[in-house]
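Structure, as structure tokens:
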Amino acid sequence: MARTTFLDWPVIRQLRGADPTGRGTAVTSAKTRSTTPRTADADGVTDSICPYCAVGCGQRVFHKDGKVIQIEGNPDSPVSRGRLCPKGAASEQLANSYLRQTKVRYRRPYATEWEDLELETAMDMIADRFIASRRKHWEDEDEHGRPLKRTMGIASLGGATIDNEENYLIKKFFTAAGAIQMENQARI
Amino acid sequence: MSITEFDADRPPELPRTRRRGRRRRRRDLTEVGMGDGSREGAVVEDVEFERAGEFDSYYGRPVVKAPPWKEPIAIYLFLGGVAGGSGLLAVGAQCTGRPLLRRNSRLLALGAVGAGTVALIEDLGRPERFLNMMRTVKVTSPMSVGTWILSGFATFSGVLGAIEVDRMTGERLPLGALRRLLGGLELPSSVGQAVLAPLLASYTGALLGNTVVPTWEAGRGHLSYLFTSSASLAAGGAAMLTSPVAEAGPARLLATAGVVGDVVSMHLMKESMHPLEAEPLQTGQAGMLLKWSERLAIAGGIGTLLGGRNRYIAAASGAALLAASALTRFGVLYAGLESVKDPRRVIEPQQARLAARRAAGITDDSITTAG
Amino acid sequence: MAEAHPVAFQWVIEAKKRGARVIHVDPRFTRTSANADRHIPIRSGTDIVLLGGVIRHVLENELYFKEYVQAYTNASTLISEEYGDPEDLDGLFSGYDPETSTYDNSTWAYAGDEESLARGLPERDETLQHPRSVLQILKRHYARYTPQMVQDTCGIDPEDFEYLATSIAEASGREKTTMFAYALGWTQHQGGAQMIRTSGILQLLMGNMGRPGGGIMALRGHATIQGSTDIPTLYHILPGYLPMPKVGQDDFAEFTRAIGKKEQKGFWANADIYTINLLKAWWGENATAENDWGYHHLPKLTGAHGTYQTTMRMLEDGVDGYFLFGQNPAVGSANGRLQRLGMSHLQWMVVRDFYMIESATWWRDGPEIESGELTPEQIATEMFFLPAANHTEKAGSFTQTQRMVQWRDQAVEPPGDAKSDLEFMYDLGVRIREKLKDSTDPRDRAILDLTWDYPVNEHGEPDAESVLAEINGRHLEGEKAGQPLKAFGEMKDDGSTIGGCWIYAGVYADGINQARRRTPGQDQDETAADWGWAWPANRRILYNRASADPQGRPWSEKKKLVWWDEEAGRWTGNDVPDFPLTKRPDDPGDPRQGGAAALSGTDAFIMQGDGRGWLFAPTGMVDGPMPTHYESPESNIRNPLYLQQSNPTRVTFRDEDNLSSPGAMGPGGEVYPYVFTTYRITEHHTAGGMSRFLPYLSELQPEMYCEVSPELAAEVGLEPYGWATIISARSAIEAKVLITERMTPLQVGDRTVHQIGLPFHWGQGTEAIISGDGANDLIGMNLDANTQIQNSKNNSCTLIPGRRPRGPERGELVEAYRRRAGLIPSEHPEVDGAEGAPGAGPADTSVPHAVRGPEEASAVPSGERSMKEMKNR
Amino acid sequence: MSLLAGPEGPAASTGWGHDHERKGFFTDTSICIGCKACEVACKEWNRNPIDGNLEILGSSYDNTGELGANTWRHVAFIEQGQERIEEAKESGRKLVSLGMPGIGPKSSGRRGATPAGDLSSTDRTPPDTPEFRWLMSSDVCKHCTNAGCLDVCPTGAIFRSEFGSVVVQEDVCNGCGTCVSACPFGVIERRDDGTISPFAHRGDTVDRMGTASKCTLCYDKMVDGEQPACSATCPTQSIKFGDHPDLTAEARQRVTDLHERGMTEARLYGANPKDGVGGTGSVFLLLDEPEVYGLPPDPQVPTKSLPATYARVGVAAAGMIAVAALSFLGGRR
């Protein structure tokens, strides 16, 4: 961008140019003349799918410096043809809302507040509790001696908002662990 | 109010009015379409409507928006008028050899234009960008045109004011070689001031008139007259207040003429308006201010005519006139801001003018078309 | 549809511009109605009468698609002589056991000898005149579903009915098709599965199944709710709609034969292969023919173990730990109060979400804390909140509502501690396996023998594509060893192949992630077969053999999709044919063989044991082979058709917090005189976990509201945009009042029925940008016996002006109304259960809180069509 | 030098060549489903803060209320009964039957009133008038051919872009607010603390503070050949973006189609270059009188009467000089 000179003064441009009334070319600022979309300097665009309902609209995710900076419809999608509903259009905020939680939170029994916890510790604690609850509520057989091989001490809910692969691993592991009480929104 | 038997036992509901400034008002079904767009609850009572209660608007919400102008703008309008009028008095005084009137008027002009400019800047959303006003010259923008008038007038007033201050201090200002230059500039500045002064007083009529604010828009044809009249009486009043009666004769005449012009143009303006457009000038806070403005103007005018040669009566009358002018500006500003709140003031006059054009055989200029 | 699936609605608008007629049947006038040709307001819960009326209309006036019905449905099939219809048994089908409130469906069977039945060849009368033929039974069954009955039951005037019935009849046939789109407005009833069945019958009669522009569209509400049913995080099924084994099913062969026998027609004959491939995928080398492929590792069901049964179990301290994966039951599940109280009985709970949802904070700011009933100091539940990665922060696939699997690439790394559920589950599994590695306890074998070795990246994130590859399956032996399966037809029963979900076989064909295909729609025909991948076999319309006539020719040029190409000797068309590719239309089928070979050239419904679309369902539904109308348990209207008021198989739970109004069956019903129905709105998503934390969405619908008609508002004295308190037998909530003509009072007999609309997106808490009372707190845990899904759409309440009381008085208000309705005796309000309260629904006294009713459903939840398991007795 | 845009179009008369066809919106409210995706997509792209109190506003499903500093797309919701619908059909029919072909005036006086010499077709009660309807309409800046805001802007902050749109340069505007009062549609507004919800981006700084703000037709997307966020996201393409001549042609065809189907309530808003703002860049297909949607029935750009207004300024100034001169002449005696 050249340094601003007297000739850039819009009044002069009004007098010299094709816009004597000062309502167009004469009054643009340098910033305006160099306007680019804010996605222009994105590090990349990733194809994605809207996470809300089951229509499965195509999304394009623009990201920069490891952060999502814009999400818009993918015109290539034969399902949605680039269009999004208000929720889909708000997906960027879903990722970047100021209320987004990024730290593990832990609440001890009978405590009145949350406290911080290392993810590593939390995972270990959960694994311990999983094993203990599984044992405690294990049912080898029913009252007629028929095999049950299950635990009723652990339950889960959710799956409709996460991925097929994630559901698969949950189903696989929970079933192997005998934790049959797993459910998702399809039942609700 | 909806009440349950448990209402008494629960804490009062905390209003969630954390939003500062503009507040949206909830309306209920009975209000919907009533068109009472006021947020403070001003009621339009004396206007009859064919189908009251079924007036078409979007939930009574305003169609147009009021500019974000607050009191400083009224102060600016007032001071600009005082400055313009004083500038004219100063020129006249210079030509007719009234040194005190000249000096006081020049200083008044400078002071008023300076303070007015401060008020104007104060009202900007981004005051630090005030100088952007000088980026362009736009004839389509009364604000732009006015800015150039204002800056020109302020420059001349500055020169003349400096000369007067220098004279008052017995040429003791450390001006050096500039003093000669200043002296040489006195005549051209005086001429410039004479040319720009009335424009400074009257362009504000276009500033307000060249809007879609219903009451101002409807007053387009009269606001300049009203404002020059108001400026005249204010400047006359200011001179009567500050200058000896002996030299203030022209000021008294100017003030008297201003009072007549003010009262007449205000009435003509109201009469030319659709009743809905005139109404904000007559009711509510603005109506009250304008009523007092008229009273003070007439009182000041009578005082000027009858007792203008008495120093005390002159001063009192001058003060009354200044107050009247200020009230006029506040009143007109408030009336305009009020007038946007009720969408009827926009829609009804527009419907009427559309119908009138159609009746006159002009049928091709509607924004709504069948194809 | 415009409300909850706006982007899908673009196709409706498009169709409308081309001349399609759009009719919207809904208790409320919604954004969908605003863009429909006509909105028909209906009394919630009476859809079977409306659709039954249309069925009667098309049968009586011979408007059904005769050739289609003749060839592709079981209209000609004769039913057992023992079958008794509700028309003769006053609302009950034959086989009802009042002791258990269940049906023995043996009397609903096809007529014929056992051998022929097993091979899908029941007795038939091709003239359709036999009194025991399905068509004649259907005719008799719906004979009383007249326009007058529709008016007296649904509150729909005959002119509207005529318009609807005529529109459907005129827009069906060779040249045209009619489509039904539904969502939870059908599912969430006690009897909801049968509502969807009714539309299935109608669509079969009109020849609208398997054809372009036809069908029944389940508009599902979560990104992969379809996928989470296919690859289920559900208690009752295994991947690919294979059932979970039940107690006593200890013989592997018997288990798979119960799903599908080798000699039966159609593709369920290979159920054993699908099961072996699944088990082999899970237990790898440890799954062998000798140990029945690890079958005995599988836990066994003893009844329904749905989310509501689990809630009741929590309340009895029978559950220690609870995982939430992106779900907010404190707001989103029925009877929110019991949900939260259930959580307070847990030992520990893991919440995985983006935001501090109400299910994570109920212990500090939930309604029970507000009321003073509970304090954090009393609650022992240990809470873990683990931040989750969102859809841009992980790669994976969603299966959308039309069974299309679409892959998402990862855009960025998740922030802070946020992790994908894939990494969470994998990591948890690794840790548990590590902790158990020295265990000799046989019960730990199933965990330790599991294949659990997915490649991870430098962040510890498992490779989602490797999981997808396992789901797809691969060859283990032979020259193709290591290669992904191309189709489920490649699956073997000898352990030489694996496949985690047989219907997904092919999604990773040729080692290519088919779900990631993104050929732009504009570069393809309207089938867009090269975008994503639809199960099964990338087929976009199921049963599309029916888009051609019995001879294999398209029904019409306009509606052609799949047809027989005589020259090539194969089926071809614009979609992947849903039929054995080279089976001629005139192939009689070989009944001596099972499976695909047994199908005749016109057996278009290839998953059914008789190859036909089922007008009459001899199995699969626990509450009757044909839909019949029952009133909702809380309804204040007597069933106009039968003495039997409500669905006799309905499931409920006995709890003082799960009481029901007796409705028309007791004097107390009038205490709750209005109907309320819950729904979504465009601006929010389910329980609000993904919308109430976003400023842009919160602003658009900031407050909980109820929608009432001007008439009801006048009756109750409500002020526009003021407050109202809605009281059901379960709870009381407050909402802003939207008085609108979009709600229509309906005249049903001599009664005016007022319906109240309640969006269910709000919940009480302090973390979200907007909060409000939750509509689900008003709803009881009363379930459909087929699906174990709760009735959210038709419940009773009363309505008073003003806000609800705070503190303990909220509960007292609810109690006061319960007492008035006789749900609890006035002398001791703390009575356990609703003893003697009429209409509270059947309850099993022997097992407190246990579900009463049949074993869990075989039908797929949410009314999924078609992939039913076959249970030929 | 004309105060208003000439016939060659607004872009040409502001110094741009003819490189770009004038761009605009055609908002067909007959297929709007009121989903508000346009509002969200607009705010998301432009990073506009929310401006509500997070309270139900009391206008059906509309809780953003109106266009303003932060809401550049606004969806109106109007619930109407049968009588009202018939009146709308009637007033739409009159638009066809009265006035010049294609472009006619709206009906006279109060709606429902039968003007003298009613030329409307004989069938006055169409058989298919529904009992109720729910109108939805996404409003936006009109990008007028003769734009009041642009004309009165003293700083040159508002300019006519090469696409014919009217755009505020945030870096130039000093927030004088004059434009706000010159918009006949009540679109532009100054973004102040008072217009922003306290629930907006917590901790974030808000752009455009203290300056006038409104729809830019996504100028920053258009320079890259992309379409605005709202039209891109609109599920049913109720909002269409494109070349202005094409859009108006399409709009006219759509009205004709709807009239043929008996929807005589359909009419265009802003498609007439002879109207008070010279036609708008954003053309709307409405199903009732404009005021029902909160639109002015006869907007006029103030600039149109500015010469007359200036004349008044001159006369008043001259008069003031004259009076002052006379005062001094009189004061001499």
Checking Thr36(A) against chain D: side chain, backbone, both or neither under 4.5 Å from a heavy atom? backbone
Inspect the contact between Glu92(A) and Lys43(D) and indicate whether a charged nitrogen and a carboxylate oxygen are less than 4.0 angstrom apart. no
Please report the C-alpha distance between Lys221(D) and Glu72(A) in whole Å, then the side-chain angles of each, then the deciding distance to 0.1 Å, and finally whether the side chain to side chain contact (heavy atoms under 4.5 Å, CB included) criterion is met. CA-CA 13 Å; Lys221(D) 274 178 169 264; Glu72(A) 53 192 42; 3.1 Å; yes
Which answer fits Ile158(D), side chain, backbone, both or neither, if we ask what part of it has an atom under 4.5 Å from a heavy atom of chain A? backbone
Evaluate the side chain to side chain contact (heavy atoms under 4.5 Å, CB included) criterion for residues Arg81(A) and Gln237(D): first the C-alpha distance (whole Å), next the side-chain angles of each, then the deciding distance (0.1 Å), finally the verdict. CA-CA 11 Å; Arg81(A) 298 191 286 191; Gln237(D) 293 293 280; over 6 Å; no
If one checks every heavy atom of Ala41(D) against chain A at 4.5 Å, the contacting part turns out to be both
Do the charged groups of Arg23(A) and Asp151(D) touch, with an N to O distance under 4.0 Å? yes
Does any part of the side chain of Pro37(A), heavy atoms only, come nearer than 4.5 Å to the side chain of Trp45(D), both counted from C-beta? yes
Out of Thr155(D), Asp224(D), Val166(D), Asp171(D), return the one with the most heavy atom pairs under 4.5 angstrom to chain A. Asp171(D)
Heavy-atom cut-off 4.5 Å, strictly under: side chain, backbone, both or neither for Cys35(D) against chain A? both
Within a 6.0 Å radius of atom CD on Glu141(A), are there more than 12 heavy atoms belonging to other residues, nucleotides or ligands? yes
Measure from the side-chain N and O atoms of Thr25(A) to the backbone N and O of Trp16(D), and report whether any donor-acceptor pair falls under 3.5 Å. no
At a 4.5 Å cut-off on heavy atoms, which part of Thr39(A) comes close to chain D: side chain, backbone, both, or neither? both
Comparing Gln169(D), Glu226(D), Arg160(D) against chain A, the one with the most heavy-atom pairs below 4.5 Å turns out to be Gln169(D)
Does Arg135(A) have more than 12 heavy atoms from other residues, nucleotides or ligands lying within 6.0 Å of its CZ? yes
Quick one: pull up OG1 in Thr233(D) and CG in Leu84(A) and give me the separation to the nearest 0.5 Å. 4.5 Å
Separation between CZ (Arg83(A)) and SG (Cys38(D)), nearest 0.5 Å, reads 13.5 Å
As an exercise, state the distance from NZ of Lys36(D) to SG of Cys85(A), rounded to the nearest 0.5 Å. 12.5 Å
Who among Pro10(A), Gly73(A), Ser80(A), Ser29(A) has the most heavy-atom pairs with chain D under 4.5 Å? Ser29(A)
More than 12 heavy atoms from other groups under 6.0 Å of CZ on Arg146(A): yes
In this structure, are over 12 heavy atoms from other groups packed under 6.0 Å from Lys67(A) atom NZ? no
Tell me which of these, Pro75(A), Gly24(A), Pro86(A), Gly82(A), has more heavy-atom pairs under 4.5 Å with chain D than the rest. Pro86(A)
Proximal component of Glu170(D), with respect to chain A [non-hydrogen, under 4.5 Å]: side chain
